[in-house]
Amino acid sequence: VQLQACGGGLVQAGGSLRLSCAASGRTFSSYHMGWFRQAPGKERGFVAAITWSRRSTAYADSVKGRFTISRDNAKNTVYLQMNSLKPEDTAVYYCAADPVWATMFSDTGDLANMDYWGKGTQVTVSS
């Protein structure tokens, strides 16, 4: 599985962006998918995740109620709708895929266990 994230950009505080992550490979639908972010000088951290079946989602407390993760298995794409953006949401956003749900919630040092990472897309929120 290869992942390609896009949709980042510059937006004012309070604005919205939708990130997309397109996956190649026929096994996309069997992978749980997640979004992570890394701000300058900070470690990469969990943002949101969705199971392969779309039955369950999870969010970091900092984005609950503002971000929504979704996926379209027919299009091999996972999305992150980001509303009410804040300057502290500024970061490089990465999508990731793993067949084990618990991997999405790994400590930062264990994120290397993730099966696949996409290249990041920059999100900048101005105040």
Sulfur-sulfur distance Cys95/Cys21 under 2.5 Å: yes

Test item: Thr77 and Phe28 side chains (from C-beta on) under 4.5 Å apart, heavy atoms: no

Residue pair Met33 / Ala97: nearest heavy atoms and the distance that separates them: SD-CB, 3.4 Å

side-chain hydrogen bond (donor to acceptor under 3.5 Å, both in side chains) partners for Ser53, two or more places apart: Thr51

Side chain to side chain contact (heavy atoms under 4.5 Å, CB included) involving Val123 - partner list, sequence neighbours excluded: Leu17, Leu19, Met82, Tyr93, Val125

Donor on one side chain, acceptor on other, Thr124 and Gln122, under 3.5 Å: yes

Leu3 versus Val1, closest heavy-atom pair with distance: CD2-CG1, 3.6 Å

CG-CZ distance between Leu80 and Arg37, expressed to the nearest 0.5 angstrom: 9.5 Å

All side-chain hydrogen bond (donor to acceptor under 3.5 Å, both in side chains) counterparts of Ser16, not counting sequence neighbours: Asn83

Heavy-atom neighbours of Gln2 CD exceed 12 at 6.0 Å: no

Pairs meeting criterion ring pair (Phe, Tyr, Trp, His ring centres under 6.0 Å) with involvement of residues 57-84, two or more places apart: none

Separation between OG of Ser84 and CZ of Arg66, rounded to the nearest 0.5 Å: 7.0 Å

Side-chain hydrophobic cluster, 4.5 Å single linkage: members besides Trp52: none

Test item: Ile50 and Ser56 side chains (from C-beta on) under 4.5 Å apart, heavy atoms: no

Separation of Lys119 NZ from Cys6 SG (nearest 0.5 Å): 13.5 Å

Residue pair Asp110 / Ser106: nearest heavy atoms and the distance that separates them: CB-CB, 3.8 Å

Side chain to side chain contact (heavy atoms under 4.5 Å, CB included) involving Phe105 - partner list, sequence neighbours excluded: Phe46, Ala58, Trp101

Partners passing salt bridge (Lys or Arg N to Asp or Glu O under 4.0 Å) against Arg18 (at least two apart in sequence or in another chain): none

For Arg71, all residues meeting salt bridge (Lys or Arg N to Asp or Glu O under 4.0 Å), sequence neighbours excluded: none

Any residue meeting salt bridge (Lys or Arg N to Asp or Glu O under 4.0 Å) with Asp98, in chain and number order, not counting sequence neighbours: none

Cluster link Trp35 to Val92, ILVMFWY, side chain under 4.5 Å: no

Residues which pass salt bridge (Lys or Arg N to Asp or Glu O under 4.0 Å) with Lys64, listed by chain and number, not counting sequence neighbours: Asp61

For Ser127 against Ala13, the heavy-atom pair lying closest together: CA-CB, 4.4 Å

Partners passing side chain to side chain contact (heavy atoms under 4.5 Å, CB included) against Trp117 (at least two apart in sequence or in another chain): Phe36, Arg44, Tyr94, Ala96, Leu111, Met114

All side chain to side chain contact (heavy atoms under 4.5 Å, CB included) counterparts of Glu43, not counting sequence neighbours: Thr108

For the student: nearest non-hydrogen atoms of Thr121 and Gly8, plus distance: OG1-N, 3.1 Å

Flag, side chain of Asp72 to backbone of Lys75, donor-acceptor distance under 3.5 Å: yes

